Amino acid sequence: MSAAPQFRIGTGFDIHRLVGGRRLILGGVEFLHENGLEGHSDADVLLHAISDALLGAVASGDIGNHFPNTDPRWKDCASEVFVRESVRIVNEAGYAVGNVDATLLAERPKIAPRIPEMRKRIAEMLGVTEDRVGIKATTMETLGAIGRREGIAAMATAMVILRA
Ligand code: MG
(Lines give C-alpha, C1' and ligand atoms only; values in the text may rest on other atoms or scores of the structure.)
Protein backbone atom coordinates (compact mmCIF):
# COMPACT_ATOMS: atom_id res chain seq x y z
CA MET A 1 0.00 0.00 0.00
CA SER A 2 1.40 3.40 -0.96
CA ALA A 3 1.63 6.19 1.62
CA ALA A 4 -1.22 8.71 1.75
CA PRO A 5 -0.41 11.75 -0.37
CA GLN A 6 0.78 14.84 1.50
CA PHE A 7 -1.58 17.12 -0.44
CA ARG A 8 -4.78 16.54 -2.34
CA ILE A 9 -6.92 18.92 -4.36
CA GLY A 10 -10.58 18.95 -5.31
CA THR A 11 -12.80 21.03 -7.57
CA GLY A 12 -16.46 22.01 -7.35
CA PHE A 13 -18.98 23.66 -9.65
CA ASP A 14 -22.60 24.65 -9.09
CA ILE A 15 -25.32 26.75 -10.70
CA HIS A 16 -28.75 27.81 -9.47
CA ARG A 17 -31.61 29.64 -11.14
CA LEU A 18 -32.58 33.18 -10.03
CA VAL A 19 -36.27 33.46 -9.15
CA GLY A 20 -38.59 35.90 -7.40
CA GLY A 21 -39.61 35.51 -3.78
CA ARG A 22 -36.34 34.04 -2.55
CA ARG A 23 -33.54 35.55 -0.45
CA LEU A 24 -30.17 35.83 -2.17
CA ILE A 25 -27.41 34.33 -0.05
CA LEU A 26 -23.88 33.98 -1.43
CA GLY A 27 -20.95 32.78 0.64
CA GLY A 28 -23.12 32.94 3.76
CA VAL A 29 -23.83 36.65 3.18
CA GLU A 30 -27.30 37.98 2.33
CA PHE A 31 -27.61 40.42 -0.59
CA LEU A 32 -30.45 42.87 -1.13
CA HIS A 33 -31.60 41.89 -4.61
CA GLU A 34 -34.89 41.55 -6.49
CA ASN A 35 -34.36 37.78 -6.97
CA GLY A 36 -32.88 34.92 -5.01
CA LEU A 37 -31.57 31.49 -5.93
CA GLU A 38 -33.99 28.60 -6.28
CA GLY A 39 -33.15 25.39 -4.46
CA HIS A 40 -34.03 22.92 -1.74
CA SER A 41 -31.60 24.48 0.77
CA ASP A 42 -30.85 28.22 0.89
CA ALA A 43 -29.26 27.57 -2.57
CA ASP A 44 -25.97 29.28 -1.67
CA VAL A 45 -24.21 28.36 -4.90
CA LEU A 46 -20.78 29.47 -3.64
CA LEU A 47 -20.93 27.33 -0.50
CA HIS A 48 -22.17 24.38 -2.58
CA ALA A 49 -19.18 24.65 -4.94
CA ILE A 50 -16.82 24.89 -1.94
CA SER A 51 -18.42 21.84 -0.28
CA ASP A 52 -18.00 19.84 -3.49
CA ALA A 53 -14.35 20.91 -3.77
CA LEU A 54 -13.70 19.75 -0.19
CA LEU A 55 -15.47 16.43 -0.71
CA GLY A 56 -13.67 16.00 -4.04
CA ALA A 57 -10.27 16.50 -2.41
CA VAL A 58 -10.81 13.34 -0.34
CA ALA A 59 -12.78 11.56 -3.11
CA SER A 60 -15.89 11.40 -0.93
CA GLY A 61 -18.60 11.88 -3.53
CA ASP A 62 -20.50 15.14 -3.69
CA ILE A 63 -23.01 17.32 -1.90
CA GLY A 64 -25.87 15.45 -3.63
CA ASN A 65 -24.80 12.11 -2.06
CA HIS A 66 -24.30 13.55 1.41
CA PHE A 67 -27.27 15.94 1.50
CA PRO A 68 -29.92 14.66 -0.94
CA ASN A 69 -32.47 17.32 -1.98
CA THR A 70 -35.20 14.76 -1.30
CA ASP A 71 -34.34 14.84 2.42
CA PRO A 72 -36.66 17.21 4.36
CA ARG A 73 -33.79 17.82 6.85
CA TRP A 74 -32.04 20.03 4.26
CA LYS A 75 -35.14 21.99 3.22
CA ASP A 76 -34.29 25.73 3.41
CA CYS A 77 -31.21 24.72 5.38
CA ALA A 78 -28.30 27.19 5.66
CA SER A 79 -25.58 25.83 3.39
CA GLU A 80 -23.05 26.53 6.13
CA VAL A 81 -24.14 23.13 7.47
CA PHE A 82 -22.90 21.46 4.26
CA VAL A 83 -19.53 23.22 4.44
CA ARG A 84 -19.00 22.30 8.08
CA GLU A 85 -19.97 18.69 7.43
CA SER A 86 -17.62 18.57 4.42
CA VAL A 87 -14.77 19.81 6.63
CA ARG A 88 -15.61 17.06 9.11
CA ILE A 89 -15.41 14.47 6.32
CA VAL A 90 -12.04 15.90 5.20
CA ASN A 91 -10.76 15.66 8.79
CA GLU A 92 -12.09 12.13 9.17
CA ALA A 93 -10.12 11.16 6.05
CA GLY A 94 -6.96 12.36 7.85
CA TYR A 95 -6.63 15.77 6.19
CA ALA A 96 -6.87 19.42 7.23
CA VAL A 97 -8.12 22.23 5.00
CA GLY A 98 -5.15 23.94 3.35
CA ASN A 99 -6.79 26.65 1.27
CA VAL A 100 -9.85 27.30 -0.83
CA ASP A 101 -10.12 29.47 -3.93
CA ALA A 102 -13.44 30.19 -5.61
CA THR A 103 -15.02 32.30 -8.34
CA LEU A 104 -18.62 33.51 -8.52
CA LEU A 105 -20.12 34.05 -11.97
CA ALA A 106 -22.90 36.60 -11.66
CA GLU A 107 -24.08 39.49 -13.82
CA ARG A 108 -25.84 41.15 -10.87
CA PRO A 109 -25.74 42.09 -8.02
CA LYS A 110 -22.30 43.63 -7.56
CA ILE A 111 -20.31 41.07 -5.60
CA ALA A 112 -16.96 42.80 -5.03
CA PRO A 113 -17.98 45.08 -2.11
CA ARG A 114 -19.15 42.03 -0.09
CA ILE A 115 -16.11 39.81 -0.72
CA PRO A 116 -14.32 40.69 2.55
CA GLU A 117 -17.45 39.67 4.50
CA MET A 118 -17.74 36.41 2.55
CA ARG A 119 -14.09 35.53 3.13
CA LYS A 120 -14.54 36.10 6.86
CA ARG A 121 -17.67 33.93 7.03
CA ILE A 122 -16.18 31.14 4.92
CA ALA A 123 -12.90 31.14 6.88
CA GLU A 124 -14.96 30.66 10.07
CA MET A 125 -16.82 27.72 8.52
CA LEU A 126 -13.57 26.13 7.34
CA GLY A 127 -11.72 26.80 10.60
CA VAL A 128 -8.86 28.55 8.79
CA THR A 129 -7.55 32.12 8.65
CA GLU A 130 -8.94 34.46 6.00
CA ASP A 131 -5.68 34.50 4.06
CA ARG A 132 -6.48 30.91 3.06
CA VAL A 133 -9.80 31.83 1.45
CA GLY A 134 -9.73 33.42 -2.01
CA ILE A 135 -13.04 34.68 -3.40
CA LYS A 136 -13.29 36.29 -6.81
CA ALA A 137 -16.23 37.36 -8.93
CA THR A 138 -16.76 37.93 -12.62
CA THR A 139 -19.68 38.85 -14.83
CA MET A 140 -20.35 36.93 -18.04
CA GLU A 141 -20.22 40.14 -20.09
CA THR A 142 -23.99 39.66 -20.70
CA LEU A 143 -23.32 36.36 -22.55
CA GLY A 144 -25.50 33.28 -22.04
CA ALA A 145 -27.94 32.38 -19.26
CA ILE A 146 -25.85 33.91 -16.48
CA GLY A 147 -25.32 37.00 -18.61
CA ARG A 148 -29.11 37.28 -18.99
CA ARG A 149 -29.35 37.14 -15.15
CA GLU A 150 -31.24 33.83 -15.20
CA GLY A 151 -28.88 32.29 -12.67
CA ILE A 152 -25.63 32.47 -10.74
CA ALA A 153 -22.81 29.90 -10.85
CA ALA A 154 -19.70 29.28 -8.80
CA MET A 155 -16.57 27.20 -9.08
CA ALA A 156 -14.14 26.30 -6.35
CA THR A 157 -10.84 24.54 -5.74
CA ALA A 158 -9.79 23.17 -2.36
CA MET A 159 -6.40 21.92 -1.25
CA VAL A 160 -6.12 19.69 1.81
CA ILE A 161 -3.00 18.72 3.79
CA LEU A 162 -2.26 15.35 5.40
CA ARG A 163 -2.42 15.70 9.18
CA ALA A 164 0.69 14.70 11.10
MG1 MG B 1 -26.39 23.57 -5.39
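Computed from a predicted model, the values in this text were never measured in an experiment.
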Derivation of the side-chain contact (heavy atoms from CB on, under 4.5 Å) call for R108 and E34: CA-CA 10 Å; R108 287 280 191 286; E34 65 268 28; 6.0 Å; no
Atom pair CG (N99) and OG1 (T129), whose distance is rounded to the nearest 0.5 Å: 10.0 Å
Validation row: M118, I111 side chains within 4.5 angstrom (heavy atoms): yes
Path from M125 to V90 over hydrophobic side-chain contacts below 4.5 Å: yes
CA sep, side-chain torsions, deciding dist, call: I25, L37, side-chain contact (heavy atoms from CB on, under 4.5 Å): CA-CA 8 Å; I25 299 164; L37 294 175; over 6 Å; no
Distance-minimising heavy-atom pair for P5 and L162: O-CB, 3.7 Å
Enclosure of R163 CZ (heavy-atom neighbours >12, cutoff 6.0 Å): yes
Rounded distance [0.5 Å steps], CD1 in I135 versus CD1 in I122: 3.5 Å
Passing option when S79 is tested against L47, D14, L46 for side chain to side chain contact (heavy atoms under 4.5 Å, CB included): L47
Non-hydrogen side-chain atoms of D71 and P68 separated by less than 4.5 Å: yes
Where N65 and D62 come nearest, the two heavy atoms and their spacing: OD1-N, 2.8 Å
Pair E30-R23, salt bridge (charged side-chain N to carboxylate O under 4.0 Å, His left out): steps then yes or no: CA-CA 7 Å; E30 183 162 3; R23 295 159 71 206; 2.9 Å; yes
Any P109 side-chain heavy atom under 4.5 Å of L24 side chain: yes
N-O pairing of D101 and K136 below 4.0 Å: yes
Any side-chain heavy-atom pair of V45 and L26 under 4.5 Å: yes
Between CD on residue E130 and CZ on residue R119, distance to nearest 0.5 Å: 6.0 Å
Nearest-0.5 Å distance that lies between atom CZ in R22 and atom NE2 in H16: 9.0 Å
No-hydrogen, no-angle side-chain donor-acceptor test under 3.5 Å, N69 and H40: no
Heavy-atom closest contact (D42 atom, A78 atom, distance): OD2-CA, 3.4 Å
Worked check of salt bridge (charged side-chain N to carboxylate O under 4.0 Å, His left out) between E124 and R121: CA-CA 5 Å; E124 279 167 13; R121 290 279 290 114; 3.6 Å; yes
Closest approach of E107 to M140 (non-hydrogen atoms, all atoms of both residues): OE1-N, 2.9 Å
Connected via hydrophobic side-chain network under 4.5 Å: I115 and V128: yes
side-chain contact (heavy atoms from CB on, under 4.5 Å) between V19 and N35, worked out: CA-CA 5 Å; V19 294; N35 293 317; 5.8 Å; no
L32 atom CG, over 12 foreign heavy atoms within 6.0 Å: no
H66 and S51: side chain donor to acceptor below 3.5 Å: no
Pair I89-L54, side-chain contact (heavy atoms from CB on, under 4.5 Å): steps then yes or no: CA-CA 9 Å; I89 291 167; L54 291 166; over 6 Å; no
Rounded distance (nearest 0.5 Å) linking atom CD1 of I50 with atom CZ of F82: 14.0 Å
Distance in Å, S60 OG paired with L55 CG, rounded so as to fall on 0.5 Å steps: 5.5 Å
Ring geometry between W74 and F67 (parallel below 30°, tilted from 30 to 60°, perpendicular above 60°): perpendicular
Shortest non-hydrogen contact from L126 toward V97: O-CG2, 4.3 Å
Sole residue of I15, T139, I152 in side chain to side chain contact (heavy atoms under 4.5 Å, CB included) with I146: I15
Minimum heavy-atom distance A49-A154, with the two atoms named: CB-O, 3.6 Å
V58 vs Y95 side-chain heavy atoms within contact, under 4.5 Å: yes
Axial cation check for F31 ring with R114, 6.0 Å and 45° limits: yes
